[in-house]
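Take a look at the structure below.
Within every chain, numbering begins at 1; the chains are lettered A, B, ... in the order of the sequence lines, protein sequences first and strands thereafter.
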Amino acid sequence: MAQTYPFQDIEGKWQADWDKNQTYKAEDLPAKEKSKKFYGLIEFPYPSGEGLHVGHPRSYVALDVMTRKKRMEGKDVLYPIGWDAFGLPTENFAIKNKIKPADATKKNIANFTRQIKSLGIGFDWSREIDTTDPKYYRWTQWMFLKFFNSYFDDVEGRAKPIEELAIPDSVLATGDDAVRNYRDERRMAFKSTTKINWCPRCKIGLANEEAQGGACERCGEGVEQKQKAQWMIRITKYAERLIRDLDTVDYLEKIKAQQINWIGRSEGAFVDFTVKTEKSGLLPDKVTVFTTRPDTLFGATYMVLAPEHPLVETWLKEGDVTNVDEIQTYQEGARLKSELQRQENKEKTGVELKGVRAVNPSTNQEIPVWIADYVLAGYGTGAIMAVPAHDERDFEFAKLFGLPITQVVAAEEGNEVRGLPFVEEGVAFNSGILDGLKTSEAKEKMADWLEQNNVGARTVNFKLRDWVFSRQRYWGEPIPIIHCAKCGYVPVPDEQLPVTLPEVEKYEPTDTGESPLAAIRDWVETTCPQCGGAAERETDTMPNWAGSSWYFMRYCDPHNDQAFADPEKLKFWMPVDLYNGGMEHTTLHLLYSRFWYKFMWDLGLVPKECGSEPYAKRRSHALILGEGGVKMSKSKGNVVNPDDVVSQYGADVFRVYQMFIGPFDADAPWDTHGIEGVKRFLEKVWRLFEVSTGPAPANAPFVLSSSAKAGDPSVDSPVKPWNDSREALLNQTIKKVGEDIDGMRFNTAVSAMMILVNEMSDVGATHASPAARHALPLQDLESFLKILAPFAPHISEELWHKLGYKTSIHREAWPSYDPAKCVAATFELVVQVNGKVRDKMMVATDIAEEEARKLALASEKVKQFLEGKEPQKVVYVKGRLISISV
RNA sequence: GGGCCCGUGGCGGAAUUGGUAUACGCAACGGACUUAAAAUCCGUGGCCGCAAGGCAUGUGGGUUCGACUCCCACCGGGCCCACCA
């Protein structure tokens with residue numbers, strides 16, 4: 001039987017001990033100053049039926065290592081865990097197995113808890129939260145009502161209570177209904193009939209973010225478009241701030257880039273085009289387009305509307321369009337075409353609206369009007385001015401349908417026509433007013449022109465859409481609104497929160513697109529809190545993202561039933577000092593939660609002192625892949641179950657391997673052989689302590705000494721003494737491991753500890769004489785144990801106690817190193833001749849340049865390569881090398 | 001098409017940020033111990049060469065006493081976004 005350290009006996013024992021002693025419990029309101037706090041956050045998991053994936057712990061262990069170190073450095077550490085438990089997979093699982101989603105969730109949470117606890121991660125379990133707990137989602141609902149009861153003040157650029165919204169006299173004069181509408185149209189949460197992304201398989205409406213690439217994020221089915229009244233949240237009002245405030249936080253550059261890209265800010269202008277038809281002449285409606293290139297307006301030779309553009313409908317109705325059938329056929333085709341199909345087939349299609357002409361305001365020329373699905377209804381105004389000479393897509397379209405091409409002369413360089421490189425044809429148009437201007441100047445000039453002539457205005461456009469907040473599903477937070485025929489949308493009063501989910505037999509979604517809750521009549525039917533009349537509950541539920549948009553605040557005060565969190569506690573803990581999660585959440589969760597927090601901050605619900613950004617620092621881990629570098633999946637049969645690893649190797653081996661596997665932000669393939677190496681490392685640590693500190697043979701005259709050193713007369717000369725250079729290694733390792741943990745370079749921290757243990761084992765080697773046994777100074781062994789502790793908490797705790805200590809190593813002080821001792825007395829001086837290494841020599845660390853130079857030039861090898869020539873140049877790098885060139 | 005990133009042994013990867021390329025680990029090979037195996041320990045591992053030495057960080061150039069690192073071009077790969085006007 002292999003000699004191995006008994007992790008089975010050790011790990012469970014210490015986990016129970018830490019639990020009992022609340023070793024990792026965060027102080028509630030510590031008396032220390034705020035600079036002493038550290039709030040580490042991992043994305044709380046979705047407790048799926050699959051159980052923990054080996055990828056989850058990569059993040060948990062990494063922050064565990066970091067927070068353990070912070071704790072040892074004397075910080076007040078908050079490192080919490082909870083469950084993001086609402087969601088579709090659980091609901092579908094429940095439907096399939098005919099059980100209640102709440103029961104399935106309970107079971108899954110229990111399993112995840114067992115798995116995570118078996119890894120010995122230092123979470124503060126007393127702060128565990130669960131988004132499906134009514135005590136939690138009461139506050140999610142409460143916050144939704146804050147959105148409902150707020151509007152966005154465009155002048156001040158922030159959200160305010162709806163009572164502060166000034167109602168214009170003209171509206172007041174029209175009556176109560178008008179006032180109500182005026183308010184409803186400006187609420188941060190509002191109901192609107194829009195085209196939504198509809199997944200026919202999941203039978204659910206999806207946010208744009210969940211339907212990327214035209215496929216349902218959950219099931220991969222092609223997404224259809226459907227008209228539906230939905231609750232929306234006005235995240236677009238925060239677009240500007242969501243970009244701007246990225247300057248104030250420390251996020252990975254690529255994360256910032258993705259957020260900025262997703263929000264998609266672009267500066268440009270609106271331009272109004274008047275429209276004439278054969279039937280009615282000049283119409284009252286104008287078509288407004290958005291362009292980032294107003295300077296190319298002179299080259300707009302036709303106009304394209306999205307097939308869904310409302311004016312198309314109007315003109316059809318009024319009989320202004322002469323080719324009605326053709327248009328309707330195209331519209332129908334575009335409607336049925338899923339986003340996915342649109343993406344697969346990017347060849348341009350389109351139909352001209354016969355009988356309709358637009359007028360280019362810059363030239364007063366009449367231009368044709370088309371509809372085409374390359375113009376998106378959801379971006380800009382859903383209509384474009386087409387400038388084929390200056391836009392590739394327009395060019396392609398113009399070529400296909402034989403539309404005119406006009407290049408705009410703006411004379412960037414010497415009055416040349418400035419079209420796109422691929423444009424060879426078309427007439428040149430010289431406006432006269434853009435002569436000699438650079439593109440940026442021409443844009444400004446034309447924007448001025450538009451504003452002066454009242455045919456357009458500067459504007460900023462965003463790709464970001466408002467947040468579709470309704471889900472027609474059962475397993476989510478009910479939206480706490482009551483529909484009253486008389487009073488309109490009425491919020492459920494605070495004291496009636498939470499609106500809990502009714503327990504029912506059927507959770508199946510409906511084909512009509514209504515929530516399953518709609519069928520539960522005695523839940524739906526209620527009374528209006530305002531007028532007391534009969535009324536109905538909103539039956540839509542909230543998306544998954546709701547509960548996860550504020551959970552980091554709840555951790556600060558998880559059991560409060562008077563408020564979502566005590567402001568004093570928020571002031572102490574917020575913002576999160578380090579938030580780690582997957583790259584897959586950079587555009588969704590990260591954006592939503594930043595927005596949610598900013599909104600709460602605007603209303604003063606989050607104290608001003610916390611700052612307007614929830615996460616001071618954001619980092620991302622990469623994926624754990626299967627063996628061979630392919631993605632782990634059930635179908636490939638290459639899924640590694642953490643339970644198996646823990647039972648075979650123990651939690652510490654699993655943890656250290658996770659940290660050693662590669663750079664934290666790079667994908668890494670799981671390697672069953674690699675984990676063996678880590679196992680050997682920890683066994684070596686175990687043996688090192690047995691040999692170095694174990695009972696000496698009965699006849700040995702040695703006692704455990706904290707100061708034993710080579711040359712100590714009480715000790716035989718060990719084969720390898722614990723000399724100054726080994727002392728230097730220890731100090732270097734303490735320094736490196738500390739810095740590597742802070743910089744999240746866990747893999748090199750582990751390798752540094754391996755090097756140290758190899759060196760220490762040489763000194764206290766198994767075969768060494770009893771003299772060698774105690775040659776390692778005890779305090780050095782202890783220092784090593786302390787830097788190992790964050791990575792391998794169980795084995796280090798066990799060894800710590802074996803040394804005779806009665807309290808936890810995880811509450812010990814992080815060891816300091818002596819900078820003076822990091823430098824060995826000698827170093828290997830490298831001598832280069834013409835850039836090539838020709839000799840190496842051991843010299844004193846504090847050698848003077850003159851001395852080093854003399855030594856180098858005296859070297860036989862060096863002389864050989866100098867070939868008797870005089871050195872032209874000699875460069876000396878202190879403590880490293882000397883470079884001679886001839 | 002846009003954005004971000006990466007190319008180093010048989011493999012995962014190091015390299016003090018411009019200073020001894022290949023640390024650490026895996027795999028491999030040779031040896032010790034063992035009846036044997038496991039475990040452990042010792043040793044060898046970029047390529048060519050007996051050696052001296054030469055050549056090596058995707059390719060080609062450049063800057064420099066010195067380049068995996070910086071600059072230019074190219075080749076190859078990955079991730080995210082994408083008819084966004």
Under the rule syn = chi within 90° of 0, otherwise anti, which is [N]?
| N | answer |
| --- | --- |
| B:G10 | anti |
| B:G9 | syn |
| B:U16 | anti |

N/O-N/O pairs, protein side and nucleotides 63-71 of chain B side, under 3.5 Å:
{"unit_1": "B:C65", "atom_1": "OP1", "unit_2": "A:Lys873", "atom_2": "NZ", "d": "3.0"}
{"unit_1": "B:C65", "atom_1": "O2", "unit_2": "A:Ser883", "atom_2": "OG", "d": "2.6"}

So, A:Asp272 and A:Thr288: side-chain donor and acceptor under 3.5 Å apart, yes or no?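 Present: a donor and an acceptor within the cut-off.
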Would you say the side chains of A:His585 and A:Glu43 form a donor-acceptor pair under 3.5 Å?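 Yes.
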So which atom in [X] and which in [Y] form the shortest heavy-atom distance, rounded to 0.1 Å?
| X | Y | value |
| --- | --- | --- |
| A:Ala666 | A:Ala622 | C-CB, 3.2 Å |
| A:Arg58 | A:Pro663 | NH2-O, 2.9 Å |
| A:Asn360 | A:Leu297 | ND2-O, 2.9 Å |
| A:Leu625 | A:Met632 | O-CE, 3.6 Å |
| A:Thr349 | A:Phe397 | O-CE1, 3.5 Å |

Within the structure shown, what part of the strands sits under 4.0 Å from [X] by heavy-atom distance: base, sugar-phosphate, or nothing?
| X | answer |
| --- | --- |
| A:Ile384 | base |
| A:Lys840 | base |
| A:Arg838 | sugar-phosphate |
| A:Lys836 | sugar-phosphate |

Which residue lies more 5' along RNA chain B, comparing A:Asn461 with A:Lys861 via nearest heavy atoms: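 Closer to the 5' end of RNA chain B: A:Lys861.
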Nearest nucleotide by nearest heavy atom, which residue falls closer to the 5' end of RNA chain B, A:Thr381 or A:Met754?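 Here A:Met754 is the residue nearer the 5' end.
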Residue [X], side-chain heavy atoms: nucleotide from [options] that is nearest:
| X | options | value |
| --- | --- | --- |
| A:Pro669 | B:A85, B:U40, B:G12 | B:G12 |
| A:Thr748 | B:C42, B:A23, B:A14 | B:A14 |
| A:Phe865 | B:C4, B:C83, B:G53 | B:G53 |
| A:Lys463 | B:C84, B:G12, B:C83 | B:C84 |
| A:Arg687 | B:C84, B:C24, B:C41 | B:C41 |
| A:Asn747 | B:U16, B:G13, B:A82 | B:G13 |
| A:Leu376 | B:C84, B:C24, B:G2 | B:C84 |
| A:Thr291 | B:U40, B:A85, B:G53 | B:A85 |
| A:His673 | B:A85, B:C26, B:G13 | B:C26 |
| A:Val375 | B:G13, B:G25, B:A85 | B:A85 |

Distance check needed: [N] [atom2] versus [X] [atom1], whole Å only.
| X | N | atom1 | atom2 | value |
| --- | --- | --- | --- | --- |
| A:Leu591 | B:C80 | CG | P | 18 Å |
| A:Lys679 | B:U40 | NZ | C1' | 12 Å |
| A:Phe660 | B:A23 | CZ | P | 12 Å |
| A:Met842 | B:U20 | CE | C1' | 13 Å |
| A:Lys684 | B:C41 | NZ | P | 5 Å |
| A:Asp667 | B:G7 | CG | C1' | 15 Å |
| A:Tyr379 | B:C83 | OH | P | 12 Å |
| A:Leu829 | B:G19 | CG | C1' | 12 Å |

Between [M] and [N], how far apart are the [atom1] atoms? Round to whole Å, please.
| N | M | atom1 | answer |
| --- | --- | --- | --- |
| B:U34 | B:A21 | P | 43 Å |
| B:A27 | B:C11 | C1' | 7 Å |
| B:C70 | B:U64 | C1' | 10 Å |
| B:A52 | B:U59 | C1' | 31 Å |
| B:C79 | B:C72 | P | 26 Å |
| B:A38 | B:A32 | C1' | 16 Å |

Any donor-acceptor pair under 3.5 Å from A:Asp466 side chain to A:Ile235 backbone: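 Yes; at least one donor-acceptor contact below 3.5 Å.
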Test your reading of the model: is there a side-chain donor-acceptor pair from A:Asp839 to the backbone of A:Val831, 3.5 Å cut-off?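 Side chain of A:Asp839 to backbone of A:Val831, a donor-acceptor pair under 3.5 Å: no, none is there.
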Between [X] and [N], is there a side-chain N or O to OP1/OP2 distance below 4.0 Å?
| X | N | result |
| --- | --- | --- |
| A:Arg680 | B:A27 | yes |
| A:Arg880 | B:A15 | no |
| A:Asn758 | B:G25 | yes |

Between the base of B:U20 and the side chain of A:Glu828, is one N or O donor paired with an acceptor at under 3.5 angstrom?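 Per atom types, the contact qualifies.
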Check this for me: does the side-chain of A:Lys348 come within 3.5 Å of the base of B:C83 through a donor and an acceptor?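 Yes.
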Residue of the set A:Leu376, A:Val304, A:Leu305 for which side-chain contact (heavy atoms from CB on, under 4.5 Å) holds with A:Ile384: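 That would be A:Val304.
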Under a 3.5 Å cutoff on both atom distances, Watson-Crick or G-U, what's the dot-bracket for RNA chain B ([ ] crossing, | other strand)? (((((((..(((......[....))).(((((.......))))).(((....)))..(((((..]....))))))))))))....
Mind checking whether A:Tyr379 and A:Phe290 have parallel, tilted or perpendicular rings, split at 30° and 60°?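 The rings of A:Tyr379 and A:Phe290 stand perpendicular, inter-plane angle above 60°.
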Enumerate the residue pairs fulfilling ring pair (Phe, Tyr, Trp, His ring centres under 6.0 Å) with a member in residues 728-758 of chain A, sequence neighbours excluded, ordered by first and then second residue.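 Checked against ring pair (Phe, Tyr, Trp, His ring centres under 6.0 Å) - neighbours excluded - the pairs reaching residues 728-758 of chain A are A:Phe664-A:Phe746.
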Between A:Tyr374 and A:Arg393, is there a cation-pi geometry (under 6.0 Å to ring centre, at most 45° from the normal)?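 Judged by the rule, A:Arg393 and A:Tyr374 form no cation-pi pair.
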